[in-house]
A.B. asks: 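First the structure, then my questions, so here it is.
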Amino acid sequence: MESYFPVLEAIAAAPCDGVLAIIIEVEGSAYQKEGTCMWIGANGETVGLLSGGCLEEAVAAYARDVLANRQAAAVSFDLRTEDDLSWGQGAGCNGLIRVWFEPVTADTKPVWLALKRCLEHGEHVLMARSLSNRNEPPFFQSETGERFGSGRMPRPEWTEWLRDAPPFRGWNGWYEADGEAFYVQHFWPKPRLVIFGAGPDAPPLVAAAKAAGFSVTVSDWRPAFCHPSHVSDADEWVVGFPHETVPMLHLNERDFVIVMTHQFERDRELVSLLADKPLAYLGVLGPRRRTDRLFPSGSTPPFVRSPAGLSIGARGPYEIAVSITAELISVLRGRSTERVS
């Protein structure tokens, strides 16, 4: 899961002011990368991690100073040395991490709530934050054109990244404009996983994918199965036959889909309806030979993942759920996976 989702939830629920800490630059290796967020509330509450545990105490201490001064700041943490005399208590992570501390007060909180709302509506949002002028707030623009935050976008062409960035990609980092440094970050909505089939093996997959940060929709023609009492971790339940539900879901290039009804004719109907959709991922549960028979050509198209999941020798619903979730994450992060027939 992207770190900003629980952080935005914490900001929304916070009874007091706080500080949003964001990794804006990493040199060398580090536990987390640019764009990772952490919330430090004035009441001592913390949400999120910027490291494996070696940074958080120091980050919280800096956050208290930032909150007292009500002024943003950048702080560098050097984890490259291994002795206990240097900063980092001998972490030896071989990385230099620069963190931006952004105060969140009653005046600025509505901007972060607007970001949360856009993400919940499925919108990609771009943020530009001046690093040269600490008093200038961040600027946000969503892919629908909504702008919020009283900062500025230094280069109008940067907003084209909202259109051109591949789904769930886009580089978070430093950019320069007219001699001024800016930090730019992409905020993506949760990727949606649609699972067709709510049989007994669906709940473990729903739970694993939900824990990994997916928004999970379950669809089945059987109301007793496609119900919170059976698949409690799902975000949405869509009851109906494939020819009814597939058009209803408005699937697009950001969606991940698993077909696992365990009924051959139902699976055949689904793949025929899904084959021409521009999906991020289409996986079919079951042996490759069975999947081949679902297609009129007698061969599974290369864009279909079958058998769904990474080849880890999984046995049973829970291990299969892990293997499928791992493959979903791999595709989400743009990592290639070896397909095994």
A.B. asks: Could you tell me whether R70 and E102 have a side-chain N and a carboxylate O separated by less than 4.0 Å?
C.D. replies: no
A.B. asks: Can you confirm if the NZ or CZ of R293 lies within 45° of the ring axis of F264 and under 6.0 Å from the centre of its six-membered ring?
C.D. replies: yes
A.B. asks: For side-chain contact (heavy atoms from CB on, under 4.5 Å), just list the numbers for W112 and F140, CA-CA rounded to whole Å, side-chain angles, deciding distance to a tenth of an Å, and then say yes or no.
C.D. replies: CA-CA 10 Å; W112 299 100; F140 296 86; 3.7 Å; yes
A.B. asks: Check this for me, if you would: do R266 and E269 make a salt bridge, where the nitrogen-to-carboxylate-oxygen distance has to be below 4.0 angstrom?
C.D. replies: yes
A.B. asks: Taking the six-membered ring of F214 (Phe, Tyr or Trp), confirm whether the NZ or CZ of K190 is under 6.0 Å from its centre and within 45° of its axis.
C.D. replies: no
A.B. asks: Any chain of hydrophobic side-chain contacts (each under 4.5 Å) joining F168 to L115?
C.D. replies: yes
A.B. asks: Please enumerate all residues that pass side chain to side chain donor-acceptor pair (under 3.5 Å) together with R163, with sequence neighbours excluded.
C.D. replies: none
A.B. asks: State whether the side chain of E327 and the backbone N or O of G309 hold a donor-acceptor pair below 3.5 Å, judged by distance alone.
C.D. replies: yes
A.B. asks: Under 6.0 Å between the ring centres of Y62 and F77?
C.D. replies: yes
A.B. asks: So does I24 get a backbone contact from the side chain of N172, meaning a donor-acceptor N/O pair under 3.5 Å?
C.D. replies: no
A.B. asks: Do the side-chain N and O atoms of S51 and Q32 include a donor-acceptor pair separated by under 3.5 angstrom?
C.D. replies: no
A.B. asks: Is it the case that the side chain of Y183 and the backbone of I22 share a donor-acceptor pair, with hydrogens and angles ignored and the cut-off at 3.5 Å?
C.D. replies: no
A.B. asks: Does H121 reach the main-chain N or O of E123 with its side chain, forming a donor-acceptor pair under 3.5 Å?
C.D. replies: no
A.B. asks: With sequence neighbours left out, what residues match D255 under side chain to side chain contact (heavy atoms under 4.5 Å, CB included)?
C.D. replies: R192, L251, N252, L279
